[in-house]
Amino acid sequence: MYKEFYGLSRNPFELSPNPFFFYPTSRHAEALATLTYGVLRRKGFVVVTGEVGTGKTLLVRCLLDALTQNKVAFAYIYNPVISVPEFLTQVIDDLGISSSPTLSKREALARLTNYLVKRSSKDQITALVVDEAQLLSWELLEEIRLLTNLETTEHKLLQIVLLGQPEFERKLDSPELRQLKQRVGLRCCLRPLDPLEIKGYIHQRLKLAGANSRAAAIFPDETITLIQQVTLGIPRLINTVCENSLLLGLWHQQRQISWEIVLEAAADLRLNFLTQPFSDENSDVKLPGSQI
C-alpha cells in the first residue's frame with residue numbers, strides 16, 4: 001500500500017525470514033559463520049540460541065541456502081513437536097530416502113545409516129537442522145544424541161544443527177543431557193541489536209527495498225532512537241513497528257516518519273508502556289526534544 005508513496009520497489013519490513021534482507025551484525029555474522037563452518041567441517045553438533053524474534057529462523061534460511069550451494073544434503077525439522085517414529089520418517093523423507101507408513105524404527109535407522117555411509121564414502125556431507133529446539137522432548141533429544149554415534153574413524157556421518165530459545169540453553173545444561181552437551185562442538189547465542197545496529201538494520205532494509213539514498217530521510221535518527229526504546233532491539237518487533245509506521249505515515253501523508261507516528265504505531269501494537277495513553281509526566285522514556 002505504501003510502496004509507491006515512499007518510492008519503494010518492495011516491502012522492506014516483511015516478517016517472513018527472507019535471506020535477501022539478512023543484516024550481518026557482528027553477532028549474527030558470527031552465528032552464521034559458526035553454523036556453516038560446523039557443518040562443512042563436520043564438527044558434529046552445533047547449537048545456536050537466542051530470544052524470541054532475534055532472527056534464528058532467518059539464520060536458518062541463510063544456512064540452508066549455504067548448504068544448498070555447497071551440495072550438502074539436509075533434513076529440516078521446523079516443528080519438532082512430534083514422536084520419534086514421526087521424526088525419523090520426516091528425516092528420511094527430507095533426504096529423499098524411500099520410506100513407507102509401515103516402516104519400523106529399526107528399518108528407518110538402517111536406511112538412514114546406509115544412506116549416510118554411501119554419501120560419506122563419496123566425501124559428501126549430510127546435515128540435520130532442527131529449529132525451535134526448545135520444544136524437543138527428552139525422548140527425541142536422546143534419539144538425536146544417538147544419531148551422533150553414526151561415525152567413521154575420522155568424522156560424524158550426520159552433522160546436527162539445533163536452534164532454539166534461551167530455554168533450550170537451560171535444558172541443555174541440565175544433568176539429564178550432560179552426554180548431549182559434551183558432544184556439542186560449537187555453540188553461540190544471538191542478542192538484540194544495539195542502537196547503531198538498529199540504524200544500520202532499518203536503513204539497509206529500506207535501501208534494498210529501493211529507497212537508496214532516501215532511507216535516512218524516511219526514518220531519521222530521532223525516530224530510530226525511539227524505535228530502539230520501544231522494541232528493545234528485537235528485529236521482529238523492529239520490523240513490525242516500522243511496517244506499521246509506514247502505513248500510518250501514508251495515512252497521515254507524511255513522507256518522513258516522525259516520533260509521533262512511531263508512538264502511535266507502538267500504542268496500536270500494545271508495546272511496553274504504550275498500552276496506556278502517553279504523556280511526558282507518566283513515562284520514563286525520553287522523547288526527542290523533551291527536557292528531563
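The model shown is predicted, which means the values in this text are computed figures rather than measured ones. Values below: all heavy atoms of this structure, side chains included; hydrogens, waters and symmetry mates excluded.
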Donor-acceptor pair, side chain of [X] and main chain of [Y], under 3.5 angstrom:
X      : Y      : result
Thr223 : Phe219 : no
Arg119 : Ile125 : yes
Arg270 : Ala267 : yes
Gln256 : Ile218 : no
Ser16  : Asn18  : no

May I ask you to test the Phe13-Arg236 pair for a side-chain heavy-atom distance under 4.5 Å?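 In short, these two side chains do not touch, never coming nearer than 4.5 Å.
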
Kindly indicate whether the side chain of Arg106, heavy atoms from C-beta on, has any atom under 4.5 Å from the side chain of Arg111.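 Of all side-chain heavy-atom pairs linking Arg111 with Arg106, none is under 4.5 Å.
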
Determine which pairs satisfy side-chain hydrogen bond (donor to acceptor under 3.5 Å, both in side chains) with at least one residue from residues 203-220, sequence neighbours left out, and list them in order.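 For residues 203-220, and leaving out neighbouring residues, the side-chain hydrogen bond (donor to acceptor under 3.5 Å, both in side chains) pairs sorted by first residue read Tyr201-Arg205.
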
Going by the angle between their ring planes, with limits at 30° and 60°, are Tyr6 and Tyr2 parallel, tilted or perpendicular?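 Geometry flag for Tyr2 against Tyr6: perpendicular rings.
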
Nearest 0.5 Å, please: how far is OG in Ser120 from NE2 in His155?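 These two atoms lie 3.5 Å from each other.
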
Heavy-atom neighbours of [X] [atom1] exceed 12 at 6.0 Å:
X      : atom1 : answer
Trp251 : CH2   : no
Lys156 : NZ    : yes
Leu15  : CG    : yes
Glu176 : CD    : yes

Is it true that Lys105 and Glu143 make a salt bridge, defined as a side-chain N closer than 4.0 Å to a carboxylate O?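 A salt bridge is present here (some side-chain N lies under 4.0 Å from a carboxylate O).
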
Salt bridge present between Asp131 and Lys56 (N-O < 4.0 angstrom):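 No, this pair does not count.
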
